[in-house]
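Below is one structure, written out as structure tokens, with a few remarks after it.
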Amino acid sequence: MTESAIHCRDLRKYYPDVKAVDGLDLYIARGECFGLLGPNGAGKTTTIEILEGLTPADSGDVEVLGLRWNGRARELRERIGISLQETQFTDKLTVIETLTLFRSFYREGRDSDELMRALSLEEKQNARVGKLSGGQKQRLAVACALVGHPDILFLDEPTTGLDPQSRLQLWEVVTRFREGGGTVLLTTHYMDEAERLCDRIAIIDHGKVIALGTPAELIAKLEASNIIEFTSDPPMAGEAFADLCAGYHGCAKRGEGWQLRVDSLAEAVPRVLAIIEKSGAKLVTLSTHAATLEDLFVALTGRELRDA
């Protein structure tokens, strides 16, 4: 087995009204970009906070770079970089002052000017943080996560609020970090981002891993190459499509309508239209597309990634 960057076994964290993490196992190899996906409330954030040493687990074992947080916290913090969903900076400091401050926390680190160029912050180096846009603050947070030259980079929704150009630029930063031997643990609400950057992905729900594999392996779990999505008035029951056709692999509720997993669109679409017409319902919308990671997510959890 490849040397691990992160390894947790039977991880549990319970609160009075919820099992946030419920017997979770993860193995992340060094040099890997690993994606952690889950709807809001699935236990994703709690899991990451435990791995980052910010929240203690109730039980289970966590190793980061072969070390445990108990007794080795200072050493581990020197070797990881963290970009949270929302980082609170001091508004009165400038960008360069903020980056210099974060660099001072580490014995070794990267050049601040180099990081500002990599994240397109050089024109804002003398601007106060309080005057930055949301996307600029997000890029600054990633720069601060990289300034200590970490072995592992934790990125929690790093491209939220970024324009398309900045988003692509950050993808390049992640790619270069990995090419240098770094490991990335990424959470994101963008499925294309997960498919593009991640070697493997774990989908978690109710504190457990419900699917694990490469993006291609996970999409293959749908057992269908195409997706039909439709809404009708009145809404129909999923059972109406039980005998749709030989290449039908099931359905999942999506918003007010349904998502049907099929092999052949040419065979399935006419049958869908016929079933709707026979029921007396009126077709409102219908669309088709090749199966994606997002479709698997909906099929497994019954929810959109951004559901509350």
Side-chain angles (χ1 to χ4, degrees), residues 31-38 40 44-45 48 52 80-103 105-106 109-201 215 292-294 297 304-306:
E32 184 175 28
C33 183
F34 190 92
L36 198 61
L37 305 182
N40 293 338
K44 178 176 76 268
T45 298
I48 293 171
E52 293 170 341
I80 68 172
I82 300 174
S83 177
L84 303 173
Q85 287 185 31
E86 185 176 352
T87 302
Q88 296 295 330
F89 293 112
T90 301
D91 287 348
K92 299 299 183 182
L93 292 181
T94 65
V95 168
I96 186 61
E97 287 171 342
T98 301
L99 203 51
T100 301
L101 174 64
F102 273 74
R103 171 63 184 85
F105 299 154
Y106 301 92
R110 296 180 60 179
D111 180 70
S112 297
D113 292 333
E114 172 197 345
L115 281 174
M116 283 192 295
R117 285 194 299 273
L119 288 152
S120 297
L121 289 169
E122 63 267 49
E123 292 184 2
K124 293 291 183 179
Q125 64 177 324
N126 295 315
R128 297 191 187 278
V129 172
K131 299 295 184 180
L132 299 181
S133 68
Q136 289 165 346
K137 288 181 180 179
Q138 191 78 337
R139 296 205 302 275
L140 177 58
V142 174
C144 290
L146 287 167
V147 75
H149 215 319
D151 294 311
I152 300 178
L153 186 58
F154 291 89
L155 296 176
D156 197 359
E157 299 183 28
T159 60
T160 298
L162 296 187
D163 59 80
Q165 182 178 355
S166 296
R167 191 167 171 238
L168 290 173
Q169 190 173 40
L170 186 57
W171 288 2
E172 292 175 4
V173 170
V174 172
T175 300
R176 288 198 298 271
F177 177 77
R178 290 193 55 220
E179 289 173 348
T183 304
V184 179
L185 177 56
L186 171 75
T187 72
T188 179
H189 277 144
Y190 301 113
M191 288 296 187
D192 61 329
E193 185 165 272
E195 290 186 43
R196 169 78 174 267
L197 295 178
C198 297
D199 299 297
R200 291 188 304 138
I201 293 168
T292 67
L293 191 59
E294 186 167 358
F297 189 91
E304 303 282 348
L305 190 57
R306 288 185 176 274

Using 0.5 Å steps for rounding, measure from the [atom1] atom of [X] to the [atom2] atom of [Y].
X	Y	atom1	atom2	value
Leu140	Leu99	CG	CG	6.5 Å
Thr94	Gln125	OG1	CD	8.0 Å
Leu146	Arg176	CG	CZ	10.0 Å
Ile96	Asp113	CD1	CG	5.5 Å
Gln136	Leu162	CD	CG	10.0 Å
Gln88	Lys137	CD	NZ	7.5 Å

Counting C-beta onward and ignoring hydrogens, is there a side-chain heavy-atom pair between [X] and [Y] closer than 4.5 Å?
X	Y	value
Pro150	Tyr106	no
Trp171	Thr159	yes
Glu52	Leu84	yes
Val174	Glu193	no

Has Arg196 got more than 12 heavy atoms of other residues, nucleotides or ligands less than 6.0 Å from its CZ?
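Incorrect, the count does not exceed 12.
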
Can you give me the closest heavy-atom contact between [X] and [Y], atom names plus distance?
X	Y	value
Cys144	Phe89	SG-CE2, 3.8 Å
Ser83	Ala145	N-CB, 4.0 Å
Leu101	Leu93	CD2-CD1, 4.2 Å
Ile201	Phe34	C-CZ, 4.4 Å
Met116	Glu122	O-OE1, 3.2 Å

Taking [X] for the side chain and [Y] for the main chain, is one N or O donor matched with an acceptor at less than 3.5 Å?
X	Y	result
Thr183	Gly31	yes
Gln138	Pro158	yes
Arg128	Asp91	no
Asp199	Cys33	yes
Arg178	Val184	no

List the steps and the verdict of side-chain contact (heavy atoms from CB on, under 4.5 Å) for Leu170 and Val173.
CA-CA 5 Å; Leu170 186 57; Val173 170; 4.2 Å; yes

Please step through side-chain contact (heavy atoms from CB on, under 4.5 Å) for the pair Glu195 and Thr292, ending with a clear verdict.
CA-CA 9 Å; Glu195 290 186 43; Thr292 67; 4.0 Å; yes

Would Leu293 and Leu37 count as a side-chain contact (heavy atoms from CB on, under 4.5 Å) here? Give the steps.
CA-CA 11 Å; Leu293 191 59; Leu37 305 182; 4.2 Å; yes

What's the verdict on side-chain contact (heavy atoms from CB on, under 4.5 Å) for Lys131 and Val95, showing C-alpha distance, side-chain angles and the deciding distance?
CA-CA 10 Å; Lys131 299 295 184 180; Val95 168; over 6 Å; no

Modelled atom types, side-chain donor and acceptor of Ser112 and Arg103, under 3.5 Å
no

